[in-house]
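Naming: A, B, ... by sequence-line order, numbering from 1 per chain.
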There are 2 protein chains.
Amino acid sequence: MAAKKKDRKSDKRERILAAAITVFAKNGFYDTRVSEIAKAAGVADGTIYLYFKNKDDVLVSIFSERIEQLIDVLTRIADREDKTPEQKIRKVIELQLGVLEGQRDLAEVITVNLRQSSRLLKQYAAPLFTRYLEVMARIVADGQEQGAFRRDISPVFAARSLWGGLDGIALTWAIADPEPTQLRKAAQQYERLFLDGLTHGCTS
Amino acid sequence: MAAKKKDRKSDKRERILAAAITVFAKNGFYDTRVSEIAKAAGVADGTIYLYFKNKDDVLVSIFSERIEQLIDVLTRIADREDKTPEQKIRKVIELQLGVLEGQRDLAEVITVNLRQSSRLLKQYAAPLFTRYLEVMARIVADGQEQGAFRRDISPVFAARSLWGGLDGIALTWAIADPEPTQLRKAAQQYERLFLDGLTHGCTS
DNA sequence: GGATTCTGAATGACGATTCAGTTTGCTGCA
DNA sequence: TGCAGCAAACTGAATCGTCATTCAGAATCC
């Protein structure tokens with residue numbers, strides 16, 4: 001039946017993406033041969049071109065599918081009425097680091113490989129990235145209006161440093177520190193550090 | 001005389017490096033042709049190979065010369081007896097962002113291009129980067145011993161998030177926000193945010 | 001006039017992409 | 001149930017363009 005055919009198809013696509021994440025993480029986008037991805041996925045070189053326009057498209061697909069998903073979840077967090085701004089920030093931190101825990105390869109692809117092509121970064125990733133930061137900034141701005149966060153910090157800068165801190169933790173974790181538990185520990189510490197800075201002088 | 005000869009030589013080397021920073025920033029390492037660097041520097045393609053082993057070596061030289069320099073300055077800051085830990089952290093922030101101010105291209109090369117090759121990042125940059133973070137962590141640890149900083153945050157994590165936040169600010173500035181004054185403003189805000197988080201519960 | 005520096009066209013390797021051919025799966029028909 | 005025939009999915013060796021790098025010769029310096 002039609003469904004079965006489609007199933008096989010998406011299964012193969014998924015295998016290619018999973019293989020690509022592994023080899024991109026190990027060797028980086030530019031040092032990865034298409035034939036290596038094919039070999040890791042157990043398909044022929046040409047098969048990749050049945051599912052993706054070209055090599056760029058493989059990287060873009062990995063990135064876009066994961067980040068879009070992350071933005072959706074983030075937006076839903078920001079919109080919740082029943083959470084305080086602090087709780088929302090905590091959720092954001094746990095989400096971003098938690099999503100990656102146990103997925104070292106994906107973390108590495110997102111933090112490192114994303115920047116591998118300025119072309120891709122500027123043309124494709126920058127708008128997504130901006131949307132991501134905007135949601136974070138909105139949470140901070142809401143918190144300021146409600147009096148939970150200090151007002152002498154621009155929400156935009158707060159969002160940028162929040163993201164940067166998380167990215168830095170993920171990067172150093174990916175290149176240096178294979179302990180998976182470290183990441184959760186890092187999340188907890190970062191929560192304290194960042195939130196205490198942001199609520200400074202406000203009664204929480 | 002010998003000095004003059006050497007002068008011309010290093011002048012040409014410097015021109016190549018400066019040209020490389022410009023084109024790497026615009027197009028990224030892998031999307032840059034050696035011939036483009038040569039053209040921008042006003043030399044022949046072959047000349048580049050008189051001063052650098054290969055294309056990788058050009059990128060590595062840019063990175064290493066700047067970061068090594070940064071580590072030296074940082075170490076000197078950390079070792080000063082006449083400064084409080086807070087003052088040292090402030091200096092670090094201003095140094096790292098201040099160094100880049102007015103040098104948008106260099107900022108972009110360091111934050112974006114550095115990550116373009118996992119090979120280069122892991123083999124070459126990781127050790128330098130670790131040294132850099134160690135100096136930062138030492139400042140935090142000293143501050144904790146002196147009672148200036150809270151002790152429930154690991155110096156290593158603090159250093160990672162400090163670096164990450166700065167990197168995030170530099171990255172977003174490089175790809176999004178051409179205002180040079182914004183970077184200094186960002187430095188000030190980040191100082192407040194990070195230091196207030198770090199001194200939380202300590203009398204400063 | 002010998003050494004040093006520079007030049008840029010020629011070389012050669014590499015690897016993304018293609019496509020002619022093969023395999024697989026499905027359909028309806030006997 | 002078996003089978004011819006068609007379509008869709010897959011294969012991987014051959015193609016082809018793209019550069020990084022080289023090097024024979026030119027230019028410059030002392």
Side-chain angles (χ1 to χ4, degrees), chain A residues 1-24 26-62 113 116-120 123-124, chain B residues 1-24 26-63 109 113 116-120 123-124:
Chain A
M1 74 181 82
K4 198 172 173 190
K5 213 190 293 183
K6 202 180 160 207
D7 279 353
R8 264 193 306 107
K9 208 171 172 177
S10 53
D11 166 63
K12 198 151 271 188
R13 183 188 150 91
E14 190 48 47
R15 264 164 58 204
I16 292 170
L17 280 181
I21 289 174
T22 307
V23 291
F24 283 164
K26 181 145 63 204
N27 303 325
F29 177 70
Y30 281 100
D31 291 335
T32 292
R33 315 288 128 244
V34 170
S35 60
E36 291 178 71
I37 302 174
K39 198 173 157 198
V43 300
D45 296 10
T47 305
I48 290 181
Y49 293 87
L50 299 175
Y51 295 92
F52 301 94
K53 202 154 38 54
N54 51 37
K55 193 183 159 191
D56 279 11
D57 190 36
V58 177
L59 179 59
V60 165
S61 298
I62 291 169
N113 286 261
Q116 298 219 319
S117 167
S118 298
R119 200 168 21 91
L120 293 184
Q123 286 179 13
Y124 186 81
Chain B
M1 72 181 85
K4 196 172 174 191
K5 213 191 288 183
K6 203 181 158 207
D7 279 353
R8 263 196 305 108
K9 211 173 169 174
S10 54
D11 165 63
K12 199 152 271 189
R13 185 189 148 90
E14 191 47 48
R15 263 165 56 204
I16 293 169
L17 280 181
I21 289 172
T22 307
V23 291
F24 283 163
K26 181 146 62 203
N27 303 326
F29 177 70
Y30 282 99
D31 291 335
T32 293
R33 316 288 128 243
V34 169
S35 60
E36 290 178 71
I37 301 174
K39 198 172 156 198
V43 301
D45 297 10
T47 305
I48 289 180
Y49 293 87
L50 299 175
Y51 295 92
F52 302 93
K53 202 154 39 54
N54 51 38
K55 191 183 160 191
D56 279 11
D57 190 35
V58 177
L59 179 60
V60 165
S61 299
I62 291 171
F63 178 67
V109 172
N113 287 261
Q116 298 219 319
S117 165
S118 297
R119 200 170 20 91
L120 294 184
Q123 285 179 14
Y124 187 82

- Message: Just the rounded figure in Å: distance from P of dT21(D) to CZ of Phe52(B).
- Response: 13 Å

- Message: Just verifying a value: how many Å separate Arg13(B) CZ and Ser61(B) OG, rounded to the nearest 0.5 Å?
- Response: 5.0 Å

- Item | Nearest-angstrom distance from the residue atom OH of Tyr30(A) to C1' of dT18(D) | 14 Å

- When rounded to whole Å, the NZ to P distance for the pair Lys55(B) and dA13(C) reads 19 Å

- Query: CD of Glu36(A) versus P of dG12(D): gap in Å, rounded?
  - Reply: 17 Å

- Message: If I take atom CD1 from residue Ile16(A) and atom CD1 from residue Ile21(A), how far apart are they, to the nearest 0.5 angstrom?
- Response: 12.5 Å

- Length of the line joining Tyr49(B):OH and dT21(D):P, which is rounded to integer Å: 4 Å

- Please report, rounded to the nearest Å, how far the C1' atom of dT18(C) is from the CD1 atom of Ile48(A). 14 Å

- Query: Atom CG of Asn27(B) to atom P of dC19(D): distance rounded to whole Å?
  - Reply: 12 Å

- Message: With a cut-off of less than 4.0 Å, is there a side-chain N or O of Arg33(B) near OP1 or OP2 of dT18(D)?
- Response: no

- Min side-chain heavy-atom separation Phe52(A)-Val60(A) under 4.5 Å: no

Listing, residues 32-43 of chain B side-chain donor-acceptor contacts under 3.5 Å, not counting sequence neighbours, or none:
{"residue": "Thr32(B)", "atom": "OG1", "partner": "Val23(B)", "partner atom": "O", "Å": "3.4"}
{"residue": "Thr32(B)", "atom": "OG1", "partner": "Gly28(B)", "partner atom": "O", "Å": "2.6"}
{"residue": "Arg33(B)", "atom": "NH2", "partner": "Tyr30(B)", "partner atom": "O", "Å": "3.3"}
{"residue": "Glu36(B)", "atom": "OE1", "partner": "Asn27(B)", "partner atom": "ND2", "Å": "3.4"}
{"residue": "Glu36(B)", "atom": "OE2", "partner": "Arg33(B)", "partner atom": "N", "Å": "2.9"}

Below 3.5 Å is the cut-off: list the nitrogen or oxygen pairs between protein and nucleotides 7-10 of chain C, distance only.
{"residue": "dT7(C)", "atom": "OP2", "partner": "Ala44(B)", "partner atom": "N", "Å": "2.9"}
{"residue": "dT7(C)", "atom": "OP2", "partner": "Thr47(B)", "partner atom": "OG1", "Å": "2.6"}
{"residue": "dG8(C)", "atom": "N7", "partner": "Gly46(B)", "partner atom": "N", "Å": "3.3"}

- Counting side-chain heavy atoms from CB outward, which of dA9(D), dT5(C), dT17(C) is closest to Tyr51(B)? dT5(C)

- Note on the structure: Correct closest heavy-atom pair for Leu17(B) and Val58(B) would be CD2-O, 4.0 Å

- Any chance you could measure Asp56(A), atom CG, to Phe29(A), atom CZ, to the nearest 0.5 Å? 4.5 Å

- Query: Roughly how many Å is it from CG in Asp56(B) to C1' in dT21(D), rounded to a whole number?
  - Reply: 13 Å

- Query: Among dA9(D), dT17(C), dT21(D), which nucleotide sits nearest the side chain of Asn54(A)?
  - Reply: dT17(C)

